[in-house]
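Working notes for the structure below.
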Amino acid sequence: MSFCACNPTRATRSVLQCRRYATEVSAHNDLKPTRFGQPLFASHPHLMKPGEVTPGVSAEEYERRRRALMERLPADSLVVSIAGQTKYMSGQIFYKFRQASDFWYLTGFEEPDSAVVLEKTSCSRGYRMTMFSAGKDSHKEKWEGARTSSEDIIMHFKADDAQPITQFPPVLRSLSSSFSNVFLDVPPSTSLSRRGRTLSHKAMLKFLTPGAHSARMEYDAVIDSLSANKVKPLASEVAQLRAIKSEAEQHIMRSAADISGHAHAKTMRFTQPGQSEHALASHFEYLCAVSGSQRPAYVPVVASGANALIIHYTSNNQVLRDGELVLIDAGCEYNGYASDITRTYPVNGKFSSAQAALYSAVLQAQKYLVSLCTESAQLSLAQIHRESLEALRNELGKIGFNLQGLSGAGDLERILYPHYVGHPLGIDLHESTHFDRNLPLKAGMVITIEPGVYVPPSPLFPKEFHDIGIRVEDDVLVGEDHPTVLSVSAPKEIADIEGACQGVLGLEAF
């Protein structure tokens, strides 16, 4: 689809309208400082709507997520999910906090040192929910900001009970003895290995129990109360729910992709020979931040010239030269959801004939692969990857690459296109840990489609393409019969890219 800067998408207009509303209401906000540990409608009406727990996601949706999880689990099940911890760069210098993904998906609660316990019951709700948090502390709140009270946790997050985190070990010890199945969040760094070794329940609980709050006797008692055969990993169960995005999630992900897509377009206009790669990375991140993004979804890749042959080049410390291409792989996180977009374009705003030929080959393959992202096609991501190999082989053959036979096929997969065609996307940039690439795609999934070609200076390949790296990546919502490209705001047709770079679309750098 052609890019038109003067016709913003509906999702983008919604974001812009929300920001205008923020200016209007700020003077009337009497909850400053807020009494909550995160934005809620009572304190942040410029970010939230009534009934929302996090921007764009209602309390009812969080309730549906928890109920759907508990319905998946066998009778006599207990679910335990733990919040993230504050991470430190050095000494007491902390990083901006980001909540643990599964815990956030189930609760929307954004404070560290927290946990949630869900007990499967026969009541109409289907479960009982107990939240544990750091709670109010006037001394620490003086330095760090407000924390949500137990009363507000029950009111806004719909917990049946709210207790201090210090009560987490004894409560878990008491409850675990009454349930046959205890589903725990398994930390990614110690999850089940590919060789099939199982993680010990003691290792899981060591992760789950906040050591700063647990007396040694309580810690040992909790460990002893859990037998290895009753403990089961929670992450794989939650992953099945997270794989299909709700309408609210789709809207947020479209907004995230719009913010990132417009930042890509404006960064094209900003780019000039002689700039540093770092300047482009900074410009992109600035544009996302002023549009409402909370953080980058990942460290951006800004790879000029032959640096684009390094798939995850993040040094971003060299100078852009006239006549080179620059590959930017960058996306923002917005209201809890990631975007992931790659565009490749000429530093001077005009593709050379060789650059245009190679770019067109990759683009034609990418657009064909996007068209396969439907439930009715009954294709898996693994099958789409195999299609990507064939599509690139055909397109590259048209411009002089010899990739036929066993040797040519090996050159394509080993040298020119060494990565996978894409991955699932959502709260995490790569939601691949529990994603089966061999199962057919389902409507409501969001995946990336990102074929690329990286040509080293080798006599195996046509000389005019040496040291050129090109990748085109979009965020794609799988539909029943038609895919939706969420990242449509980022130009990818040659005419649109050159128009964005040269300013003929009415687009400015800021």
Side-chain angles (χ1 to χ4, degrees), residues 3 5 89-90 93 95-96 259-291 293-333 338-352 354-356 358-359 362 419 429 450 452-457 465-473 487 489-492 494 496-505 507-510:
F3 173 82
M89 183 169 62
S90 64
I93 308 304
Y95 289 106
K96 184 177 182 179
I259 291 170
S260 295
H262 282 91
H264 272 279
K266 287 177 174 288
T267 301
M268 291 177 186
R269 182 71 182 107
F270 175 77
T271 302
Q272 298 291 333
Q275 290 175 318
S276 70
E277 295 164 336
H278 173 73
L280 270 61
S282 300
H283 190 71
F284 180 92
E285 291 184 351
Y286 162 77
L287 291 169
C288 290
V290 298
S291 296
S293 165
Q294 287 79 26
R295 58 176 61 81
Y298 53 99
V299 179
V301 172
V302 181
S304 61
N307 288 338
L309 274 61
I310 303 170
I311 309 300
H312 286 163
Y313 171 85
T314 56
S315 299
N316 302 341
N317 58 11
Q318 291 196 297
V319 175
L320 281 65
R321 298 173 183 167
D322 193 4
E324 291 181 327
L325 296 179
V326 58
L327 182 157
I328 299 184
D329 185 342
C332 74
E333 182 179 301
S339 57
D340 186 0
I341 305 171
T342 305
R343 292 294 186 262
T344 310
Y345 61 93
V347 169
N348 63 12
K350 182 70 176 177
F351 285 94
S352 70
Q355 291 169 348
L358 188 59
Y359 183 87
V362 176
H419 59 76
L429 182 72
E450 49 181 307
V453 172
Y454 316 90
V455 188
F465 303 120
H466 286 182
D467 284 332
I468 297 178
I470 293 172
R471 182 163 66 253
V472 181
E473 176 183 18
S487 47
S489 296
K492 70 176 180 181
I494 287 180
D496 293 333
I497 287 175
E498 292 183 342
C501 291
Q502 297 168 19
V504 299
L505 298 180
L507 190 70
E508 297 301 331
F510 291 90

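Quick caveat, the model's predicted, so the values are computed rather than measured. Note that the numbering runs from 1 along the sequence shown for the chain. Computed over heavy atoms, backbone and side chain alike; hydrogens, waters and symmetry mates excluded.
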Give every donor-acceptor pair under 3.5 Å between a side-chain atom in residues 265-274 and any protein atom, sequence neighbours left out.
| unit_1 | atom_1 | unit_2 | atom_2 | d |
| --- | --- | --- | --- | --- |
| K266 | NZ | F510 | O | 2.8 |
| T267 | OG1 | A263 | O | 2.6 |
| R269 | NH1 | C501 | O | 3.3 |
| T271 | OG1 | T267 | O | 2.7 |
| T271 | OG1 | Y345 | OH | 2.7 |

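Annotation: the span from K492 atom NZ to I494 atom CD1 amounts to 12.5 Å, rounded to 0.5 Å. To the nearest 0.5 Å, the span separating OG on S291 from CD1 on I259 amounts to 5.5 Å. Taken from CG in N307 to CG in N317, the straight-line distance is 8.0 Å, to the nearest 0.5 Å. Here the straight-line distance linking atom OG of S352 with atom CD1 of I468 works out to 6.0 Å at 0.5 Å rounding. For the atom pair S315 OG and I310 CD1, the distance stands at 7.0 Å (nearest 0.5 Å).
Of all non-hydrogen atoms in I341 and A490, the two that sit nearest each other are CG2-CB, 4.1 Å. Of all heavy-atom pairs between Q294 and K96, the closest is O-NZ, 2.7 Å. Nearest heavy atoms, L327 versus A308: CB-CB, 4.1 Å. Nearest approach of P346 to Q355, heavy atoms of both residues: CB-OE1, 4.5 Å.
Taking the side chain to side chain donor-acceptor pair (under 3.5 Å) definition, one finds that S276 meets it with nothing, sequence neighbours left out. For E473, the side chain to side chain donor-acceptor pair (under 3.5 Å) test picks out T342, with sequence neighbours left out. Evaluation of the side chain to side chain donor-acceptor pair (under 3.5 Å) rule for S282 yields H278 as partners, not counting sequence neighbours. Partners of H419 by side chain to side chain donor-acceptor pair (under 3.5 Å), not counting sequence neighbours, listed by chain and number: Y454.
In this structure, the side chain of E498 engages the main chain of F351 through a donor-acceptor pair within 3.5 Å. Judged by distance alone, with hydrogens and angles left aside, the side-chain atoms of S339 form no donor-acceptor pair with the main-chain N or O of S260 at under 3.5 Å. Side chain of E333 to main chain of R295: no donor-acceptor pair is present (N/O by atom type, distance under 3.5 Å, no hydrogens or angles). For H262 (side chain) and C288 (main-chain N/O), no donor-acceptor pair under 3.5 Å exists by modelled atom type.
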Next on the checklist: Is there a side chain to side chain contact (heavy atoms under 4.5 Å, CB included) between T344 and V326? Walk through the geometry before answering.
Outcome noted: CA-CA 6 Å; T344 310; V326 58; over 6 Å; no
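Looking only at side-chain heavy atoms (C-beta outward), L280 and Q275 come within less than 4.5 Å of each other. Under the 4.5 Å side-chain criterion, counting only non-hydrogen atoms from C-beta, V472 is in contact with Y359. Taking 4.5 Å as the limit, every side-chain heavy atom of R343 sits out of range of all side-chain heavy atoms of I328.
A side chain to side chain contact (heavy atoms under 4.5 Å, CB included) with V455 is found for one member of L358, D467, L309 and no other, namely L358.
Pairs of residues two or more places apart, or lying in two chains, that qualify as salt bridge (Lys or Arg N to Asp or Glu O under 4.0 Å) and include a residue from residues 316-329 are D329-R471.
The closest side-chain donor-acceptor pair between E277 and Y313 falls under 3.5 angstrom.
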